[in-house]
Amino acid sequence: MGYHFVLDTDGSKSTGRGLDEVGAHVSGFNANSIGVCMVGTDQFTLLQWQALTSLIKALAAKYPAARIVGHRDLSPDKNHDGIIEPTEWLKTCPGFNVAEWLKGGMKPLSGKILGGV
């Protein structure tokens, strides 16, 4: 298990690697990051969204200087325009824009709720 946490569709949180262990979830960034995985692709249950919000708030309190991003945000800016565009993504996960989610108060994103809006 390369991730530190996995959030299942029922909102349960499983621990993979300990926070003191280097993850194996995003090449080039494993030594200085915490990997969180939500089971699914680009739509998640309300319970998962709630679990993600709770976990990110707890981790942000413990690591206030941390930058919160998705895998795709760590892709290289191949054309060096300062924007990591979809054509540059090495991975598409988490299937939503993390910055937009944070800016919206960590509320489930419209169109990204499994079985919902």
Closest approach of [X] to [Y] (non-hydrogen atoms, all atoms of both residues):
X      : Y     : value
Gly70  : Pro94 : CA-CD, 3.7 Å
Leu19  : Phe5  : CD2-CE1, 3.8 Å
Ala60  : Ile68 : CB-CD1, 4.4 Å
Val6   : Met1  : CG2-CE, 3.6 Å
Lys112 : Asp42 : CD-O, 2.9 Å

Okay, side chain of [X], backbone of [Y]: is any donor-acceptor separation there less than 3.5 Å?
X     : Y     : answer
Ser12 : Asp8  : no
Glu88 : Glu85 : yes
Ser75 : Arg72 : yes
Asn30 : Val26 : yes
Thr53 : Trp49 : yes
Asn32 : Phe29 : no

Quick one: [atom1] on [X] to [atom2] on [Y], what's the gap to the nearest 0.5 Å?
X     : Y     : atom1 : atom2 : value
Asn79 : Thr87 : CG    : OG1   : 7.0 Å
Asp73 : Asn97 : CG    : CG    : 6.5 Å
Leu74 : Leu90 : CG    : CG    : 9.5 Å
Thr15 : His4  : OG1   : NE2   : 10.0 Å

Return yes if a side-chain donor-acceptor contact under 3.5 Å exists between Gln48 and Asp10, otherwise no.
-> no
Please state whether the rings of Trp101 and Phe96 are parallel, tilted or perpendicular, taking 30° and 60° as the class boundaries.
-> perpendicular
Derivation and outcome, side-chain contact (heavy atoms from CB on, under 4.5 Å), residues Val36 and Tyr3 = CA-CA 6 Å; Val36 177; Tyr3 292 93; 5.8 Å; no
side-chain contact (heavy atoms from CB on, under 4.5 Å) assessment of Gln43 paired with Ile113 | CA-CA 5 Å; Gln43 290 190 324; Ile113 302 168; over 6 Å; no
Same apolar cluster: [X] and [Y], side chain cutoff 4.5 Å:
X     : Y     : answer
Phe44 : Leu59 : yes
Leu46 : Ile56 : yes
Leu52 : Val98 : yes

Could you check His25, Met38, His71 and say which one makes a side-chain contact (heavy atoms from CB on, under 4.5 Å) with Cys93?
-> His71
Please walk me through it: do Tyr63 and Ile34 pass side-chain contact (heavy atoms from CB on, under 4.5 Å)?
-> CA-CA 10 Å; Tyr63 305 101; Ile34 296 171; 3.5 Å; yes
